[in-house]
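Order of the sequence lines fixes the chain letters, A, B, ..., with proteins taken first and strands second; residue numbering starts at 1 for each chain.
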Amino acid sequence: MKPENPILAGLALIAGLLFLSPVLYSIWMSFQTVDAYYAGELGFTLDNYARAVGQYNFARYLLNSLIVSGLVTLLGITFATMAAYAFARYSFRGANLLFAATVATLMIPSHISLIPNYLTLAKIGLLDSYAGLILPAISNGFAAFFLRQYIRGIPKALDEAAYMDGASSLQVLWRIIVPLSRPAIASMALYIFITEWNNYIWPLVAVGKQDLYTLQIGLARLYRINPGEGLIDWPLVMAASTITILPVLLGFLLVERHLVRGITMGAVK
Amino acid sequence: MTMLRKLTPYLFVAPLMIFIALFTYIPILASLNLSFREWNFLTPDMPFVGFRNYEQLLASRDVWNSLWVTTLFTVLSVPLRLGLALMIAAYLVRETMHVRLLRGALFLPSVTSTVSIAVVFSWVFSTDYGMVNAILGTFGLGKVQWLQNPHLALWVLVFVNTWKQIGYDIIIYIAGLQAIPRELYDAAAVDGGKRLHVFRRITMPLVMPTTYFLLVISVIEAFQVFTIVNIMTRGGPAGATDMLVNLLYEIGFVLFDIGRGSALAVLLFILLVGLAILKSRIIGRKVHYEA
């Protein structure tokens, strides 16, 4: 790395903070009392978080988001890895067609399935349930495509050596392919998790019961019902908003480079 | 044993394929079917009505307004995103510590909840206590009704969308720029090329495949914008931000007009798949270009 020019570094820091200032300010605001906020004074409090979590049910929404995004990620990455392995290592009848059908999902806009999926889940009684939130989000063509490209880069000699030792195809997948694809699998799991965490339109139509709201729905409703009388209770709304972005924000700080790598590999290749 | 061996790959792809079929492909056919029917959830049967839903849509001012607003949003936001992103990426392509930090800051919004961003910017642009009007106030300027003014609301959405997505564009551009061979720049330096000249004659043409990619991706994305509309304006004021997916949501899930909602979904689908096919042509050209 080249030595730093301190002036440039300082300017870059200021530019970054300015760019993020709306979000940074919203976090700051979430620690202000509503009276102090409207009076333009300072008044530190944790009460907004206490109210968001207690009175406005955000602890439950956080739990729902974790359950839904967690299960979607777990099932999504498992199915994508299995399919990617078959596409990368087996030649079988219909493989090209099935792979094309997988890749084509990248071009299919999700809004087309909104009404039919709603009707399907209504018919089998899964609206207003975790299953209803999770099932339509599990298949991820992009992850399967991405992982297939990655697995093809792993030397086939490794598989063959394992088969010689009497391993089954499941063992080859689990003992050789999965460990060697860890960075790619991690990138895709993260991508699936973030996408599902931030998903809005599907939970908006699929869930009516308050106990099943995800954070996104909870936050949108809280903002819409305007809990302040006349004036919006912005500090409370911002506390809820901070709860909504925090898990992804923390994850981002930990694994930014994985994420960036995954995104650029997918787009440029 | 051989039977089982032949079956193995099918067992591996089956779970993914079943879910793709159930929740992606069958719904396309179902939408097509529903678009020729009349149904509102309440009546016991759904009669076939031919092209009536399509005729009604094409005769509806809301639909044409929506198409116009969505096109306008796209035409305003896509060049803004790509132009800014390329300029910023050209600076951020180097590897120093402060550049890394700045890249991280710019990228952050693209993985942040759109609902949160929409709520935060509803405050930023709110008339009485918002951040923008407060800043304008310190310069002695009056309050502006950003989200209540039909001439301004769409611009605000363009701004918020750009703010959220530009980090993604920048990251992709940086990857594209890093693929340009260094020797070209060295040669230009020997010839005494001015910076702007080098940018126009070397950087812009060689990063063209990346630009094409981002162009089509962002156009498709712009045509599907929903969350910021739903939270910040609900399509208002007076339909000024009523973009296509918002209209689809209103027809399907507020008015519960399943037939007309499905017909609109099919029309938008045809439009977007057309664009996507254009994109795959372009990516085909890119491969050619590199070889």
[X] versus chain A, the contacting section by heavy-atom distance below 4.5 Å:
X: B/Leu248; answer: side chain
X: B/Val245; answer: side chain
X: B/Thr8; answer: side chain
X: B/Ile28; answer: both
X: B/Leu29; answer: neither
X: B/Leu11; answer: backbone
X: B/Asn230; answer: both
X: B/Phe125; answer: neither
X: B/Ile166; answer: side chain
X: B/Phe253; answer: side chain
X: B/Val120; answer: both
X: B/Leu102; answer: side chain
X: B/Phe223; answer: neither

What class does the angle between the rings of B/Trp123 and A/Tyr25 fall in, given that below 30° is parallel, 30 to 60° is tilted and above 60° is perpendicular?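 Answer is parallel, since the angle falls under 30°.
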For the pair A/Tyr90 and B/Phe12, name the ring-plane relationship: parallel under 30°, tilted 30 to 60°, perpendicular over 60°.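 Ring orientation, 0 to 90° scale: tilted.
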On a heavy-atom basis, which atom in [X] and which in [Y] lie closest, and how many Å separate them?
X: A/Ile245; Y: B/Thr112; value: CG2-CG2, 3.3 Å
X: B/Leu272; Y: A/His111; value: CD1-CE1, 3.8 Å
X: B/Pro15; Y: A/Met82; value: CG-CE, 3.7 Å
X: A/Gly16; Y: B/Ala105; value: CA-CB, 4.0 Å
X: A/Phe87; Y: B/Val13; value: CZ-CG1, 3.9 Å
X: A/Ile108; Y: B/Phe269; value: CG2-CE1, 3.9 Å

Please classify the contact of [X] with chain B as side chain, backbone, both or neither, using a heavy-atom distance under 4.5 Å.
X: A/Tyr200; result: side chain
X: A/Leu173; result: side chain
X: A/Ser91; result: neither
X: A/Leu119; result: side chain
X: A/Thr242; result: neither
X: A/Ile115; result: both
X: A/Phe92; result: both
X: A/Ala101; result: both
X: A/Asn140; result: backbone
X: A/Arg89; result: neither

Report the C-alpha distance between B/Leu268 and A/Ile112 in whole Å, list the side-chain angles of each, state the deciding distance to 0.1 Å, and finish with yes or no for side chain to side chain contact (heavy atoms under 4.5 Å, CB included). CA-CA 8 Å; B/Leu268 184 53; A/Ile112 188 81; over 6 Å; no
Going by salt bridge (charged side-chain N to carboxylate O under 4.0 Å, His left out), name the pairs with one or both residues in residues 162-172 of chain B, residues two or more places apart or in two chains.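 Only B/Arg81-B/Asp169 qualify under salt bridge (charged side-chain N to carboxylate O under 4.0 Å, His left out).
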Worked check of side chain to side chain contact (heavy atoms under 4.5 Å, CB included) between B/Ser116 and A/Leu219: CA-CA 7 Å; B/Ser116 283; A/Leu219 176 59; 3.4 Å; yes
Look at [options] and state which one has the largest set of heavy-atom pairs under 4.5 Å with chain B.
options: A/Ala144, A/Ala86, A/Pro109, A/Ser26; result: A/Pro109
options: A/Tyr118, A/Trp197, A/Phe99; result: A/Tyr118
options: A/Leu204, A/Thr195, A/Leu114; result: A/Leu204
options: A/Ala104, A/Ser113, A/Pro22, A/Ser21; result: A/Pro22
options: A/Leu13, A/Ile217, A/Leu17, A/Ile201; result: A/Ile201
options: A/Gly76, A/Gly141, A/Ala12; result: A/Ala12

Heavy-atom pairs under 4.5 Å with chain A - which of [options] has more of them than the others?
options: B/Gln224, B/Arg234, B/Met131; result: B/Arg234
options: B/Leu34, B/Ile231, B/Ile258; result: B/Ile231
options: B/Leu264, B/Asp128, B/Val119; result: B/Val119
options: B/Val273, B/Leu106, B/Thr114; result: B/Leu106

Report the residue from A/Asn199, A/Thr244, A/Ile194, A/Leu215 that forms a side chain to side chain contact (heavy atoms under 4.5 Å, CB included) with B/Ser113.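 Checked A/Asn199, A/Thr244, A/Ile194, A/Leu215 against B/Ser113; only one passes side chain to side chain contact (heavy atoms under 4.5 Å, CB included): A/Thr244.
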Side chain to side chain contact (heavy atoms under 4.5 Å, CB included) evaluation trace for A/Ser110 with B/Phe23: CA-CA 10 Å; A/Ser110 55; B/Phe23 294 107; over 6 Å; no
Please assess A/Leu75 against B/Phe19 for the test side chain to side chain contact (heavy atoms under 4.5 Å, CB included), listing each intermediate value before the final yes or no. CA-CA 11 Å; A/Leu75 291 166; B/Phe19 276 91; over 6 Å; no
Is there a side-chain contact between B/Tyr249 and A/Val205, using heavy atoms and a 4.5 Å cut-off?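 Yes, their side chains come closer than 4.5 Å.
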